[in-house]
Novice: 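Below is one structure. I have some questions about it.
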Amino acid sequence: MRSLQLSESRDRFDLLEVTSYDVTLDLRDESTFASRTVIGVTSQGGETFLDLKPVSLESIVLDGASLPVDALDDGRYPLSLAPGAHELVVEATMGFRNDGEGLHRSLDPADGRTYVYQMSFMSAAPSVFACFDQPDLKAPYTLHVSAPEDWNVTANAAGREVEPGRWEFDRSEPLSTYFVSLVAGPYHRLHDEHDGIALGLLSRVSLAPALDADADELFTITKQCFDEFHRLFGIRYAFGKYDQAFVPEFNAGAMENPGCVTFRDPLLFSSRVPRSTRIQRATTVSHEMAHQWFGNLVTPRWWDDLWLNEAFAEYMGNRVAGEVTEFDDALVWAATDRRNWGLTADSRPSTHPVAGNGALDADAALQDFDGISYSKGHAVLTQLANQVGDDVFFGGVRDHFERHRFGNATMRDLFDSWERAGAGDLTAWTGAWLRTAGLDRIELDRATGSLRRTPPGGQPVDRTHVLGVATWTRVDLGTFRGHRLPGPHPPRAARRCAGDP
Ligand SMILES: [Zn+2]
């Protein structure tokens, strides 16, 4: 299937405003499911296309008039929309998938039960429902699901079983297509509540003992993180209830779907695990919560800012987990374990800048999506936060959330917010740390007792480092001093270390 081009997404954004999705799914068959989508859309007038990846397209009706189903070509249905408001009704038969994308269906070998979850990232939503699949065409969703009577169904918005096997969901807040989600099956479900937010934890039945054993830990982390995110951001969680589902055969760590987060279920432990594994789970819980604001409330306009989405969630997730949960060594774990992911990627010939991927199509955006996006992005945002201080950092973040609430924004928008909040001109800092690849090498010259910085090969770049340096001798346990290592190129010796041996 073709990958969406940036230019196509810009044209469609200029042409369309999607006002609503109403999606009806029937999950009672085994290999396929019926999908009916009613889309409200307002057009400026022009040619565009709908995204749809069905097993078969049964009907497509525009403003009451049937259109030919055989016009569907390689996942796109061409549309000519006159200026004004329109209603599209699309009925299709879709296939369950088993690759962790779209509507993934799996059989639990432990007990033969069947489970389903939806993963819409990055371009899988059209294999579940007809849509205009790009992050900046947000709309509210209303979902209706028919399912086997022994299943429960969870989605982004709150829902209820109105008769055996029939589930109705509230109209959601505006969502990007890539984080529309549902979780359906005979899931084991636990409930709690905190600060007016209904909380849920889900797992398959065979993992119920593991979920039950850790439910207190997971609910407590979630509550502590909500309190801290509310305090730091000054803006309430915007998506009503908050369910966290541990789902089978997930092909990533977790996905931040608003109100319906999915985690790979090996994160439920059926045997003793080292503390670092629990830290990783706690930071993942916190990371996905950070996305509820940065990513979900305000969403990258295009995929080339995916790094920022992840770097921000990584920074906030690690910081908040370390500061308010029992895992107060989360930042040590991040510095000694997680950071190596970024350092290793940044040391390879294939290294790339953190920002400025410049992806011209959706698939290309994933080519540079790695430990540099998450881990180096985290390190660089940590540096920025320390440099400007929390008042400016969160002042800018709040400004960003308020300006683009339920909308989309770019890296430039966020940096404008930080500069408005008092960060000063960040152009040089951005160029040095976000737009230049590679690692500086910092060495101690023992003969002179000075530190030396060597920039990454072939990339003259000014980067200032602030280091804590401990020194000692056999007779003197030494000193610990902070050092500022300025970054002009070519490298030069920095000031002498106090207390050098
Ligand atoms: Zn993330």
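Hydrogens, waters and symmetry mates play no part in the numbers below; they use all other heavy atoms, side chains included. Both ligands and their constituent atoms are indexed starting at 1 by order of listing.
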Novice: May I ask you to check if Arg463 and Trp433 form a cation-pi contact, with NZ or CZ under 6.0 angstrom from the six-membered ring centre and within 45° of the axis?
Specialist: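 Judged by the rule (NZ or CZ under 6.0 Å from the ring centre, within 45° of its axis), Arg463 counts as positioned above Trp433.
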
Novice: Is the Zn ion (ligand 1) under 2.8 Å from any N, O or S atom of Glu288?
Specialist: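 It does not: Glu288 brings no N, O or S atom closer than 2.8 Å to the Zn ion (ligand 1).
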
Novice: Out of the N/O/S atoms in Glu310, what is the name of the one closest to the Zn ion (ligand 1)?
Specialist: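 Sorting the N, O and S atoms of Glu310 by distance to the Zn ion (ligand 1) puts OE1 first.
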
Novice: Using a strict 4.0 Å threshold on nitrogen-to-oxygen distance, state whether Arg76 and Glu8 make a salt bridge.
Specialist: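 Judged by the 4.0 Å cut-off on N to carboxylate O distance, Arg76 and Glu8 do form a salt bridge.
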
Novice: What I want to find out is whether Arg281 reaches Asp214 closely enough, with some N-O distance under 4.0 Å, to be called a salt bridge.
Specialist: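 Looking at Asp214 together with Arg281, the answer is yes, because their closest N to O distance falls below 4.0 Å.
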
Novice: Can a donor-acceptor pair be found, under 3.5 Å and without considering hydrogens, that links the side chain of Glu419 to the backbone of Gly422?
Specialist: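 Not confirmed, Glu419 side chain does not pair with Gly422 backbone.
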
Novice: With respect to the Zn ion (ligand 1), what is the nearest N, O or S atom of His291?
Specialist: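 This turns out to be NE2.
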
